[in-house]
Structures are given as structure tokens and as C-alpha cells.
Amino acid sequence: MSNEPAIATSESPAYAVLPRHIGVIMDGNGRWATAQGKPRNEGHRAGVEALRRLVACAVEFEIDYLTIFSFSSENWTRPADEINAILGLMKRFIASDISKFVAHNVRVRILGRREGLTKAILQMIEQAESRTAHCTGLQLNVAFNYGGRQEIADAVRSLAQDVADGKISPEQIDESVIEQKLYTANMPDPDLIFRSSGEERLSNFLLWQSAYAEFVFFDEFWPEFNRDIFMRTLDEFSGRKRRFGGVNP
Ligand code: FPP
């Protein structure tokens with residue numbers, strides 16, 4: 001974050017339309033490392049640097065919400081040493097960058113299932129959220145132990161319980177009631193979701209919320225992400241015609 005301008009400057013290009021909420025699938029850390037003859041964990045380390053550049057871009061362009069896919073509920077099937085490396089990087093990232101987040105008015109929220117996480121991880125999450133709770137600028141959502149289907153299943157279970165407890169009747173269940181049970185309750189849906197490394201799929205990320213998102217896929221591996229790629233992506237987004245199921249006027 002430190003190497004980049006913190007606010008929109010005269011050099012920041014103006015876009016006709018800016019996304020209010022951006023979702024990012026940071027893919028290709030391992031392939032980037034392998035292509036460089038380095039161990040995969042080096043790719044994740046470089047991925048954190050790219051993440052810092054992303055947050056700086058989001059602050060510069062005054063994006064309201066940035067949701068990053070940092071660790072999926074399926075990622076636990078990776079080798080233990082890779083899981084530990086990613087968790088260690090996350091821990092260090094939060095510990096070292098939290099004061100910068102506060103300085104740039106960035107609020108951190110962690111989205112994902114908390115049951116089953118270790119005490120140490122829960123502590124890290126709670127600390128990141130509580131230390132930035134008063135920030136009113138960019139909201140950085142870190143999707144951790146996150147799976148879109150699991151999020152919907154948890155919401156359905158919770159609603160079923162509410163019905164069983166007589167708190168709500170089945171007729172009252174509509175989209176807005178379901179949305180209130182998601183991790184993203186009270187946040188706008190993502191307008192734009194982008195993914196690095198040439199893969200063109202959602203991989204269980206923000207399944208409900210992405211109903212009308214625009215998708216941009218680019219070939220560079222995540223560690224190669226920079227401000228030019230971000231601007232290219234905004235350019236692409238601002239040229240899209242969003243109709244939300246309707247017709248253009
Ligand atoms: C995808 O690359 C990336 C991940 C599964 C983890 C992303 C993690 C970080 C950027 C670092 C830790 C997170 C934070 C919030 C500090 P991949 O391993 O799937 O790459 P591949 O598809 O080339 O194997």
C-alpha cells in the first residue's frame with residue numbers, strides 16, 4: 001500500500017462508471033512460482049505483494065467494497081505445508097498491515113465459516129475486524145474458509161431454524177430475507193469480479209451475490225498483478241452495458 005498514492009490524484013484516470021464492489025479471485029500463485037523455478041510458497045509470498053498493490057488501487061480509485069478470495073473451504077485439501085504457509089502469510093499480512101489499513105481508513109471484514117477454526121486463527125480474524133471497525137473508507141472483505149454453496153446452505157439452515165422457532169413464516173422468505181443471512185448482509189452485490197491466470201470460472205466464489213456481476217478474466221498470474229492491469233480491468237468494465245435482465249433505454 002505504501003508505494004502507491006492513497007487517494008485519487010490528478011494522474012488517476014476518470015472512468016465513466018466505477019464498480020462500487022469488486023470481487024477478486026487471486027489465481028496463479030503456484031504456476032507463477034513454478035514458471036520461475038521457485039517453490040509454490042514463493043508464489044503465495046509474491047501474491048501477498050500483489051494483494052497490497054490491489055488494496056492500494058482500490059483506495060486510490062475510491063472503491064467502496066473489495067472482496068478477495070484468500071482461502072476457500074476446499075483449499076484445506078492442499079498439502080499441510082502449503083496450508084501452513086498461506087495461513088502464516090495471512091497472519092503476517094494482517095499483523096504488519098493493520099496500522100496501514102487504519103491510516104488509510106480501510107475496514108477489514110472476514111467472510112467465511114468460523115466454526116472449526118483454531119483459536120489462533122479466530123483471534124487473528126477478530127483482531128483485524130475490531131481494530132478497523134471504526135474505519136469508513138474502503139471495506140476489504142477477506143473471504144477465508146469461504147465457499148459459496150456452503151454460505152447458501154448455512155443461510156437455508158438458519159432460516160429453517162427461524163421457521164421452526166416461529167420467528168418467521170415460510171411465506172415471508174424472499175430474496176431480501178435470504179440476503180440478510182449471507183456473510184455479505186447489508187453490502188451491495190459485486191458489480192465486477194475479476195480473475196487472474198487465464199482461468200475462466202467462479203470456483204464457488206460469491207455464487208448468490210454474482211448474479212449480475214460483470215466478469216473480467218486476464219492471463220497474467222496473480223503475482224504479476226499491478227495498477228496497469230487494474231486500470232485495464234476498470235476500462236473493460238466501464239465499457240460494458242449492464243441491463244440487469246431488462247433492455248437498454
Ligand atoms: C491461488 O493460487 C491462490 C490461493 C489459493 C491463495 C491466495 C493467497 C494469497 C494471495 C496469500 C495469502 C492471503 C492473504 C489474505 C494475505 P494457486 O495456488 O491456486 O495457484 P495455481 O492455480 O497456479 O496452483
Side-chain angles (χ1 to χ4, degrees), residues 8 12-27 54-55 57-69 72 106-107 109 111-112 136-143 146-160 162-163 168-220 225 227-249:
S12 305
Y15 292 93
V17 199
L18 271 178
R20 210 180 148 204
H21 183 173
I22 302 180
V24 181
I25 305 175
M26 311 179 289
D27 196 13
L54 171 69
V55 175
C57 287
V59 171
E60 178 190 350
F61 287 89
E62 299 178 344
I63 305 300
D64 289 342
Y65 296 85
L66 177 67
T67 302
I68 55 162
F69 206 0
S72 76
V106 176
R107 179 176 186 185
R109 294 280 305 276
L111 313 184
T136 55
L138 171 70
Q139 180 162 316
L140 173 63
N141 294 322
V142 179
Y146 175 88
R149 286 184 175 178
Q150 173 186 282
E151 177 182 32
I152 294 168
D154 286 351
V156 170
R157 189 180 320 104
S158 172
L159 278 171
D162 287 352
V163 170
I168 188 172
S169 69
E171 296 72 36
Q172 286 173 292
I173 296 176
D174 60 12
E175 292 182 15
S176 66
V177 169
I178 295 172
E179 274 161 10
Q180 284 304 311
K181 293 285 188 185
L182 302 178
Y183 302 124
T184 49
N186 303 318
M187 301 180 203
D189 284 342
D191 307 289
L192 165 68
I193 292 182
F194 66 79
R195 180 171 189 152
S196 54
S197 88
E199 306 290 351
E200 302 190 358
R201 57 178 171 268
L202 207 44
S203 301
N204 209 11
F205 184 53
L206 300 178
L207 288 186
W208 173 284
Q209 299 87 339
S210 63
Y212 287 102
E214 294 294 327
F215 293 93
V216 173
F217 302 101
F218 53 84
D219 287 336
E220 290 89 345
F225 175 84
R227 188 171 177 271
D228 286 344
I229 297 175
F230 188 78
M231 292 196 296
R232 218 168 66 203
T233 305
L234 289 186
D235 224 19
E236 170 84 35
F237 173 80
S238 73
R240 298 275 176 94
K241 301 222 173 343
R242 305 184 76 199
R243 290 186 291 276
F244 300 95
V247 290
N248 277 335

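When a residue number appears, it is its place in the shown sequence, counting from 1.
- In this structure, the side chains of F194 and F237 stay at 4.5 Å or more apart for every pair of heavy atoms.
- Between H21 and P190, some side-chain heavy-atom pair lies under the 4.5 Å cut-off.
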Q: Decide yes or no on side-chain hydrogen bond (donor to acceptor under 3.5 Å, both in side chains) for E171 and S169, but give the supporting numbers first.
A: CA-CA 5 Å; E171 296 72 36; S169 69; 3.3 Å; yes
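- Remark: F215 engages no residue in a ring pair (Phe, Tyr, Trp, His ring centres under 6.0 Å) (not counting sequence neighbours).
- Residues passing the side chain to side chain contact (heavy atoms under 4.5 Å, CB included) test with I178 are L159, I173, W208, sequence neighbours excluded.
- With a 4.5 Å cut-off on side-chain heavy atoms, D162 and K181 count as touching.
- With sequence neighbours left out, F217 forms a ring pair (Phe, Tyr, Trp, His ring centres under 6.0 Å) with no residue at all.
- Rounded to the nearest 0.5 angstrom, L111 CG and I68 CD1 are separated by 9.5 Å.
- In this structure the side chain of R109 reaches within 4.5 angstrom of the side chain of M187, judged on heavy atoms.
- Residues meeting the ring pair (Phe, Tyr, Trp, His ring centres under 6.0 Å) test with F230, sequence neighbours left out: F61.
- To the nearest 0.5 Å, atom OG of residue S210 and atom CG of residue L202 are 4.5 Å apart.
- Using modelled atom types, one side-chain atom of S196 and one backbone atom of D27 make a donor-acceptor pair closer than 3.5 Å.
- Nearest heavy-atom pair, S238 versus A16, reported as atom, atom and distance to 0.1 Å: CB-N, 4.4 Å.
- Across every non-hydrogen atom of F205 and T67, the tightest pair is CZ-O, 3.6 Å.
- Judged by distance alone, the side chain of T233 and the main-chain N or O of I229 form a donor-acceptor pair under 3.5 Å.
- Counting only heavy atoms from C-beta outward, the side chains of Q180 and N186 approach each other to under 4.5 Å.
- Side-chain contact check for E60 versus R227: some heavy-atom pair is nearer than 4.5 Å.
- No salt bridge links R20 with D191; every basic N to acidic carboxylate O contact stays at or beyond 4.0 Å.
- D189 contributes atom CG, which lies 7.0 Å from atom OG1 of T184 (distance to the nearest 0.5 angstrom).
- Residues P188 and D64 have side chains not in contact (no heavy-atom distance under 4.5 Å, counting atoms from C-beta outward).
- Under a 3.5 Å cut-off, the side chain of R149 and the backbone N or O of N204 do not form any donor-acceptor pair.
- Rounding to the nearest 0.5 Å gives a distance of 8.5 Å between CD1 of I63 and CG of L138.
- In terms of modelled atom types and a separation under 3.5 Å, the side chain of Y146 and the main chain of E151 share no donor-acceptor contact.
- Taken from CG in L182 to CG in D154, the straight-line distance is 10.0 Å, to the nearest 0.5 Å.
- Contacts of D235 classified as salt bridge (Lys or Arg N to Asp or Glu O under 4.0 Å), with partners at least two apart in sequence or in another chain: none.
- Shortest non-hydrogen contact noted between Y65 and N141 is CD2-ND2, 4.4 Å.
- Between V177 and Q172 the shortest side-chain heavy-atom distance does not fall below 4.5 Å.
- The distance from the CG atom of L54 to the CG atom of L140 is 8.0 Å, given to the nearest 0.5 Å.
- Identified under the salt bridge (charged side-chain N to carboxylate O under 4.0 Å, His left out) test for residues 207-218, with sequence neighbours left out: E214-R240, E214-R242.
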